[in-house]
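Computation of the quantities below employed the complete heavy-atom set of this structure, encompassing side-chain atoms and omitting hydrogens, waters and symmetry-equivalent molecules. Keep in mind that what you see is a predicted model, and the values were worked out from it rather than measured. Every chain is numbered from 1 and lettered A, B, ... according to where its sequence line falls, protein lines coming before strand lines.
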2 protein chains.
Amino acid sequence: MDDRSLLDSIRHLIGEDETADDCAGFDLSDGRILVSSTDMLHETTDFPKGMTEFEKGWMSAAVTLSDIASCGAQPIQLLVAVGLDDPARLVPFMEGAVACAESVGAKVAGGDIDSHTELTVVTTGFGIVERSCCCRRTGASPGDLVCITGTPGLAMAALEGDERYRKNLLTPVPQVKAGQKIARAKASSMMDISDGLAISLYDMAQASGVGFVLDSKNFNLPDVCSGSAREYYLYGGGDFGLLFCIPPACLSALDTDYTVIGTVVSEKGVWCDGDPVEKRGYAHSW
Amino acid sequence: MDDRSLLDSIRHLIGEDETADDCAGFDLSDGRILVSSTDMLHETTDFPKGMTEFEKGWMSAAVTLSDIASCGAQPIQLLVAVGLDDPARLVPFMEGAVACAESVGAKVAGGDIDSHTELTVVTTGFGIVERSCCCRRTGASPGDLVCITGTPGLAMAALEGDERYRKNLLTPVPQVKAGQKIARAKASSMMDISDGLAISLYDMAQASGVGFVLDSKNFNLPDVCSGSAREYYLYGGGDFGLLFCIPPACLSALDTDYTVIGTVVSEKGVWCDGDPVEKRGYAHSW
């Protein structure tokens, strides 16, 4: 069983809307939406070997701030709950978390400190966005273009030893400014691709009730030393680019770098060059 | 080393104000404050043996909602990040968390599901309060009365086997309505006493830069079968009453049950019947 099927088991408790997105939304009743997101990371499954404490802190902040960014929101605060096997790890870890938050204009505003057998971190972020610009995974419509920012696969290449992309893997940068520009350009849906491009496409397709038709000729494949660039591109996790859908007419107003990789169709599923894309990516399993 | 001294090591990173309180505050610039709080709990250290999954979910929600309540705020949303050793635990656990949140008018709006060697939970809640009514640990002034709601010690009595107080220990009720009434009555400071009354008094005294003089004649000691009622009262953790300070003139407007246990003085420290109170309570240690 993986975390996506487990989530299905509690949809009736939390609500369909609330479980369709990595971010929760709360209407502040003044034209603004408060968005929030929470992520658990722990040593054995989430931090590549050799990471410094600073990098672990940075990454813990980044995964949550990236979710906030994918709503088109400005992150404002981050809370960091950390379970420590060794208290000496706290200061460099928090320095990393604070540096990442400050790099996108947010503030680490509190948290909790616990003892634990294994370094375990939960970051929770809050952001604010105008209601008219709030993007979710839902909303993609047939005829929209499917676009991404960044180059998927670089983090996985680094994980496989390509030192050129070490920063992509270890200190990923949440795409806050790009997310805001994409949201203001009236994208119909948006999410980050930190679990991998293919699984993210499936997540968004399911949330929006649509399908995606990709054309591999348009893929901005990564320059990799070994392995399959296409495998890294579609199935590598750990990249913090944004996946978004947008009506073609809105694209001219979008002042950020992006790649158009396909189009939205009404039939549910994800295809590339006519063939179904394999539905896999990063997932926890039991 | 305990978590309080460890927190001291990162005050320079997070800020004095941000680390003085269990809740972070964000000014929404429209007369309202967004307050938020996060808490990590895990199986071996935080859940008494024999608890059901429902009770663990309830308690996880309650610890955070109690912090929101202690600001005088209305809890709005709760995010629940849960690391599971066994996925079958998720549904009854979340039923407990949802029931607790709904009991105080809040909604579980999202979360994260992870695999972990040990049940590990981080609940993050946020609430909203009018700026003029937002209570913190800071603000207690000499001459204020020191008051509590509820009867400290009942949860510890239950932990020691007193079945009469089982619910106090396992499904504690966040004091949301009382918190709001106390805040509107213009209390100068407030926090919950979930780590124990004595350590909470020291925490509030430190945050406010004052001292407390208690009179044990006024203690509403718990009715316990064994052990020292005074020990339970001052040092038992797990009760979710509120500790607050308030100018004497404001007390007549307060429409909730409370007990006056002492007065605020300018000299820093906590005394009872003239003797220093021992500074101990619930703390994580390494």
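- The contact between B/L41 and chain A is made entirely by backbone atoms, counting heavy-atom distances below 4.5 Å.
- For chain B, the nearby part of A/T124 is the side chain; its heavy atoms alone come within less than 4.5 Å.
- The two atoms that bring B/D112 and A/T38 nearest to each other are CB-O, 3.5 Å, heavy atoms only.
- For A/D30, the part lying under 4.5 angstrom from a heavy atom of chain B is the side chain only.
- Contact annotation for A/T44: neither backbone nor side-chain heavy atoms come within less than 4.5 Å of a heavy atom of chain B.
- Looking only at side-chain heavy atoms (C-beta outward), B/I10 and A/V91 come within less than 4.5 Å of each other.
- A/I14 and B/K107 make their closest contact through O-NZ, 3.0 Å (heavy atoms, listed as atom of the first residue, atom of the second, distance).
- Each of B/G25, B/A101, B/G110 has some count of heavy-atom pairs under 4.5 Å with chain A, and the biggest count is that of B/G25.
- Nearest heavy atoms, B/A81 versus A/V122: CB-CG1, 3.8 Å.
- Chain B forms the most heavy-atom pairs under 4.5 Å with one residue out of A/T117, A/L34, A/T19, and that residue is A/L34.
- Between the side chain of A/E95 and the backbone N or O of B/L13 there is no donor-acceptor pair closer than 3.5 Å.
- Shown here for A/A24 and B/A109, the closest heavy-atom pair between the two residues is CB-O, 3.4 Å.
- In this structure, the ring of B/F126 has its center less than 6.0 angstrom from the ring center of A/F126.
- Contacts between B/D85 and chain A at a heavy-atom distance below 4.5 Å involve the backbone alone (N, CA, C, O).
- Across every non-hydrogen atom of B/L79 and A/S36, the tightest pair is CD1-OG, 3.6 Å.
- Residue A/R32 holds its CZ atom at 5.5 Å from CG of B/L28, rounded to the nearest 0.5 Å.
- Options B/M94, B/H116, B/Q77 differ in how many heavy-atom pairs under 4.5 Å they form with chain A, and the most are formed by B/H116.
- For B/L7, the parts sitting under 4.5 Å from any heavy atom of chain A are the backbone and the side chain alike.
- In plain terms, the two heavy atoms of B/D114 and A/M40 that are nearest each other are OD2-O, 3.2 Å.
- When side chains are defined from C-beta on, B/I128 counts as touching A/F26, because their heavy atoms get closer than 4.5 Å.
- Residue contact with chain B, scored on non-hydrogen atoms closer than 4.5 Å, involves the backbone and the side chain of A/V108 alike.
- Comparing A/L90, A/D22, A/V98 by heavy-atom pairs within less than 4.5 Å of chain B, the highest count is held by A/L90.
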